[in-house]
Asks: 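Just passing along the structure, written as structure tokens.
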Amino acid sequence: MTAPGTAPDNDTPASTSGTPRSSRRVRHWLAGAGVTVLAAVLGITLAVRGGATPACAAPPTGNAVHKGKASFYDAGRSGGNCSFPGPPADRLYVALGASQYSGSAACGSYLEVSGPKGTVRVMVMDQCGGCGASKIDLSTEAFTKIADRSQGIAPVTYRAVVNPPLDGGLTFRMKGGASKYWFAVQVGNHGNPLRSVEAKGPSGGFRKAARQTDNYWTVEDGLGPGPYSIRVTDVYGRQATATIRMVAKQVQRSTATLAAPDAVRTPSSSPSAPPSPTVAPSPTSAETSAPVATVEALAGAAPLDNSAC
């Protein structure tokens, strides 16, 4: 039995127009598909407006020049989202938007920023919550070197500093709460963005650590009581290895460096930038240190492909 005003699925029209029911089904399907497409478009639009991190996110690398705008802020004594013990000694730092901060992948790298008044070299230390893809937030000290503070926002161009000159070797800091059951280390004074960190304890081989958004690298089930060998590789294939101890919250300094001449093998598509007379900042005086024995500074891995971002 059929309800009033309807027809069986394989029958003729329920209306008097003579339109077959199958045609009505096609129209209904198309209407439904249109609603689905519209919902998808709206979802994408809302995600973009809501500031969702783009699927393709990567820190500035190579010789690509970015054009945008810069504002300024004061982080005080904080080390920013990168969880550093404090800002660099010269207080020349920058915060990047979510896509270029890239879940802490940009932490500890350097940018050369040019504005109306000049150029400044800054260390990536923070994430800027209100910055889009073409906006950066400089420290007050850095902003005044490239523009007048009265401008508030200034047009800039910026690029990665490839293989920046640094004082000393790699530094390491174990996170508070780290133990033989949970490994968490921060790597500093590396210059280029890092590609990977691997670690091993007294027994077993190297294990890949997972990068966290607070700029620590973790191995969830730990590596034992230490000491630990840490193998660090940057995005250009430079690699160095050092040894650290289980000493929480102290900066452990090494002589291992990613800048050793025999550790260089950069991609031809990403030539090194010429050295600048500006020297990268040393660790702040507030940092405490623990002795560290350097194991090696190895020749780099094979050149890496450019990021698709």
Side-chain angles (χ1 to χ4, degrees), residues 75-95 104-110 121-127 139 164-180 182-201 209-219 222-234 238-260 263 279-297:
R77 299 176 63 181
S78 167
N81 286 101
C82 293
S83 304
F84 293 134
D90 59 11
R91 298 194 64 82
L92 300 179
Y93 53 84
V94 63
S104 84
C107 287
S109 63
Y110 288 81
R121 178 173 297 182
V122 290
M123 185 181 76
V124 178
M125 187 188 80
D126 216 345
Q127 179 174 347
S139 66
L166 301 171
D167 287 341
L170 296 170
T171 65
F172 303 88
R173 190 164 63 120
M174 300 294 294
K175 190 172 185 176
S179 70
K180 63 181 180 180
W182 182 66
F183 181 86
V185 69
Q186 180 187 94
V187 183
N189 208 41
H190 46 81
N192 296 321
L194 295 184
R195 175 197 181 195
S196 66
V197 171
E198 300 163 282
K200 68 177 181 178
R211 189 202 310 269
Q212 306 301 321
T213 56
D214 62 356
N215 194 31
Y216 278 90
W217 298 79
T218 63
V219 177
L223 296 169
Y228 310 102
S229 293
I230 312 295
R231 186 161 64 197
V232 179
T233 307
D234 70 17
R238 292 173 171 233
Q239 189 176 92
T241 305
T243 292
I244 66 172
R245 300 184 287 114
M246 174 56 76
V247 182
K249 297 184 178 181
Q250 291 190 12
V251 176
Q252 302 183 53
R253 297 180 175 86
S254 78
T255 56
T257 174
L258 295 171
V279 178
S282 303
T284 63
S285 58
E287 297 176 352
T288 55
S289 62
V292 58
T294 299
V295 176
E296 54 192 340

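Please read these numbers as outputs of a predicted model, since none were measured by experiment.
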Asks: Is the side chain of Arg238 donor-acceptor paired with the backbone N or O of Leu258 at a distance under 3.5 Å, no angle test?
Replies: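 Side chain of Arg238 to backbone of Leu258: a pair is present.
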Asks: With a 4.5 Å heavy-atom cut-off, do Leu92 and Tyr110 have their side chains touching?
Replies: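 No; the side chains remain at least 4.5 Å from each other.
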Asks: Indicate the atoms forming the closest heavy-atom contact of Pro87 with Gly76, along with that distance.
Replies: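 Taking every non-hydrogen atom into account, CG-O, 3.6 Å.
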Asks: Could you measure the distance from the CD atom of Gln127 to the OG1 atom of Thr213? Nearest 0.5 Å is fine.
Replies: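 If I round to the nearest 0.5 Å, the distance is 8.5 Å.
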Asks: What is the distance from atom NE2 of His190 to atom CG of Leu170, rounded to the nearest 0.5 Å?
Replies: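 Between His190 NE2 and Leu170 CG, I get 8.0 Å after rounding to 0.5 Å.
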Asks: In sequence, state the C-alpha distance, the side-chain angles, and the governing distance for Val185 and Ile244, and then conclude on side-chain contact (heavy atoms from CB on, under 4.5 Å).
Replies: CA-CA 10 Å; Val185 69; Ile244 66 172; 3.8 Å; yes
Asks: Decide yes or no for Val187 and Phe172: does some side-chain heavy atom of the first lie under 4.5 Å from some side-chain heavy atom of the second?
Replies: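 Yes, their side chains come closer than 4.5 Å.
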Asks: If you apply the rule side-chain contact (heavy atoms from CB on, under 4.5 Å), what do you find for Lys175 with Thr218, and how did you get there?
Replies: CA-CA 9 Å; Lys175 190 172 185 176; Thr218 63; over 6 Å; no
Asks: Specify the closest pair of heavy atoms between Gly176 and Lys249, including all atoms of both residues, with the distance to one decimal.
Replies: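 Heavy atoms only, the tightest pair is CA-CE, 3.8 Å.
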Asks: Once rounded to the nearest 0.5 Å, what's the spacing between atom CG of Asn192 and atom OG1 of Thr233?
Replies: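 Asn192 atom CG to Thr233 atom OG1 measures 12.0 Å (nearest 0.5 Å).
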Asks: Return the minimal non-hydrogen interatomic distance between Asn81 and Asp126, and the atom names on each side.
Replies: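 Here Asn81 and Asp126 meet closest at OD1-OD1, 2.6 Å.
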Asks: In a check of side chain to side chain contact (heavy atoms under 4.5 Å, CB included) between Gln186 and each of Ser83, Cys107, Ser104, which one passes?
Replies: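 Filter result, single survivor: Ser83.
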Asks: What pair of heavy atoms forms the shortest contact from Gln252 to Met174, and how long is it?
Replies: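 Looks like NE2-CG, 4.1 Å.
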Asks: So, for Arg211 and Leu194, which heavy atoms are closest and what is the spacing to 0.1 Å?
Replies: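 Distance-wise, the nearest heavy atoms are NH2-O, 2.8 Å.
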Asks: Check whether any side-chain N or O of Thr171 sits under 3.5 Å from a backbone N or O of Val251 as a donor-acceptor pair, and report yes or no.
Replies: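 It does not hold such a pair.
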Asks: Measure the CG-CE distance between Asn215 and Met125 for me, rounded to the nearest 0.5 Å.
Replies: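 One finds 11.5 Å between CG of Asn215 and CE of Met125.
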Asks: Taking only residues two or more places apart in sequence, or in another chain, which ones meet Lys200 in a salt bridge (charged side-chain N to carboxylate O under 4.0 Å, His left out)?
Replies: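 Expected list: none.
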Asks: Donor-acceptor check, side chain of Tyr228 to backbone of Phe183, threshold 3.5 angstrom: yes or no?
Replies: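 Here the side-chain-to-backbone pair does not exist.
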Asks: How close do Ala105 and Pro193 get, heavy atom to heavy atom, and via which atoms?
Replies: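 Between these two residues, the closest heavy atoms are O-CB, 3.6 Å.
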